[in-house]
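Here is the structure we will look at.
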There are 2 protein chains.
Amino acid sequence: MKWHDLNNDTCPLARAMGAIGDRWTLLILRECFLGVRRFDGFQKRLGVTRHLLAERLKRLETMRMLERRPYQERPLRHEYRLTASGKSFAPVLLAMQDWAQQCLPSDDPAPFTFITRDSGAEVCPVVTDRHTGQELNHRTVLMVPATAAAAKVIEAHRSAPTPALQADSSADTTTGTG
Amino acid sequence: MKWHDLNNDTCPLARAMGAIGDRWTLLILRECFLGVRRFDGFQKRLGVTRHLLAERLKRLETMRMLERRPYQERPLRHEYRLTASGKSFAPVLLAMQDWAQQCLPSDDPAPFTFITRDSGAEVCPVVTDRHTGQELNHRTVLMVPATAAAAKVIEAHRSAPTPALQADSSADTTTGTG
DNA sequence: AAATTAAGTTCTATTTTGGAACTCATTATC
DNA sequence: GATAATGAGTTCCAAAATAGAACTTAATTT
């Protein structure tokens with residue numbers, strides 16, 4: 001399998017890794033959230049080679065996470081700004097920072113934090129269910145093949161045992177729309 | 001900068017990319033959450049080369065996200081299981097899957113979903129603040145250098161304007177006003 | 001005895017990345 | 001008016017990582 005192929009994978013997580021599955025892309029996004037917009041700003045702060053930076057910025061633009069827009073003419077210069085897609089990556093950064101601080105600890109304090117825009121208080125991120133408010137983690141949530149999920153829903157509707165769940169979970173791609 | 005150096009970066013997000021900033025590691029974790037435990041299980045489902053898979057599993061073990069434990073003797077065979085650290089990565093997967101489904105859409109439906117263990121209902125993940133319940137996203141949250149965050153806290157305590165915030169933000173990181 | 005299963009390891013070829021120097025248009029400095 | 005300096009890249013080569021396939025080892029099944 002090749003790098004590029006991930007972008008067309010049916011699994012959203014695989015596509016996410018097609019987008020940010022390298023050493024630099026997520027760090028470029030981090031800098032965007034910190035307010036950096038220009039090529040040399042990214043380059044100096046990250047220490048990434050200009051070569052790769054140019055390539056990664058181009059990719060982020062292709063993926064519509066960043067947009068390149070002129071900030072001056074004569075000579076023409078562009079800056080990079082987060083698009084709506086780019087901005088909506090913020091919750092992933094929050095979850096990831098929280099996880100890394102707990103599970104990949106460091107002697108040094110984090111150089112950045114997230115604060116609320118209204119109160120300025122440091123946030124304490126937790127993933128919850130939008131509808132029930134329940135905290136979502138490994139204890140409360142199960143990851144299942146889509147077919148099994150559909151079967152679960154059917155089961156819940158009928159409130160009677162269906163053989164669908166135990167049926168055949170041996171094959172690797174049983175994509176059936178329930 | 002080298003691959004390995006990220007693991008000791010002071011930034012948690014950089015360390016996170018040291019952990020999962022490649023094409024395969026996160027997909028291996030995905031398979032773990034789906035119940036896969038054995039070398040050949042990962043290999044067949046992901047299509048990753050055995051060489052890389054062995055290397056990545058070793059790394060995940062070193063990072064204490066997976067643990068290798070014997071499941072039979074004669075011949076001795078091991079399986080890989082999520083540790084507490086590995087399990088606590090679940091919220092990141094939830095946030096990432098949600099983001100990718102919205103921002104990297106596909107013609108095909110996702111092959112996996114997350115359901116609650118109690119009701120079996122599909123979850124709708126949203127990152128919130130543990131204390132206030134407020135939804136955390138680009139509109140409600142600001143990413144700031146740790147010093148600026150400290151200044152904000154001091155400011156909030158005194159409820160009087162301090163020069164600390166405007167002090168040395170002359171670089172290209174113009175931490176926005178309000 | 002030969003094939004199969006399971007979990008790797010070893011080898012070479014290809015792709016990606018790192019590091020440095022170079023370009024090009026304009027503006028600032030001597 | 002020549003000489004930096006700035007900003008955003010591009011080009012080139014060396015080093016590292018990844019892909020693909022074959023090989024190993026120990027036991028089990030046919």
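Within every chain, numbering begins at 1; the chains are lettered A, B, ... in the order of the sequence lines, protein sequences first and strands thereafter.
Counting to the nearest Å, the C1' atom of D:dA17 and the CG atom of A:Leu52 are 13 Å from each other. We find that CD of A:Gln43 is positioned 13 Å from C1' of D:dT6, with the value rounded to whole Å. A straight line from CG of A:Asp5 to P of D:dA19 spans 10 Å, rounded to a whole angstrom. In this structure, A:Arg45 places its CZ atom 15 Å from P of D:dA8, rounding to the nearest Å. Atom NZ of A:Lys44 and atom P of D:dG7 are 6 Å apart (whole Å). Separating the CG atom of A:Asp40 from the C1' atom of D:dA5 is a distance of 12 Å, rounded to the nearest angstrom.
The distance from the CZ atom of A:Arg38 to the CG atom of A:Leu57 is 14.0 Å, given to the nearest 0.5 Å. How far NE2 of A:His78 is from CZ of A:Arg69: 11.0 Å, rounded to the nearest 0.5 Å. To the nearest 0.5 Å, the span separating SG on B:Cys11 from CZ on A:Arg30 amounts to 4.0 Å. Of the inter-residue distances, the one linking A:Arg81 atom CZ with A:Glu67 atom CD reads 8.0 Å to the nearest 0.5 angstrom.
Residues B:Phe39 and B:Leu53 form a side-chain contact, since some pair of their non-hydrogen atoms from C-beta on lies under 4.5 Å apart. Residues A:Leu6 and B:Arg23 have side chains in contact (heavy-atom distance under 4.5 Å, counting atoms from C-beta outward). Between B:Asp118 and A:Thr140 the shortest side-chain heavy-atom distance does not fall below 4.5 Å. The side-chain heavy atoms of A:Arg45 and A:Leu27, taken from C-beta on, include no pair separated by under 4.5 Å. Proximity of B:Pro91 to A:Leu136: side-chain heavy atoms (C-beta onward) are nowhere separated by under 4.5 Å.
Within residues 54-78 of chain B, the residues that place at least one heavy atom under 4.0 Å from DNA chain D are, in residue-number order, B:Arg56, B:Arg74, B:Pro75, B:Arg77. Contacts of residues 10-27 of chain B with DNA chain C (heavy atom under 4.0 Å): none.
Side-chain atoms of A:Arg50 and base atoms of D:dA8 include a donor and an acceptor less than 3.5 Å apart.
Taking every nucleotide of DNA chain C with any atom under 4.0 Å from a non-hydrogen atom of chain A, the first and last of them, 5' to 3', are C:dT17 to C:dT27.
In this structure, B:Arg37 does not pair ionically with B:Glu31, as no charged nitrogen and carboxylate oxygen lie closer than 4.0 Å.
Between A:His138 and B:Phe89, the ring centre distance reaches or exceeds 6.0 Å.
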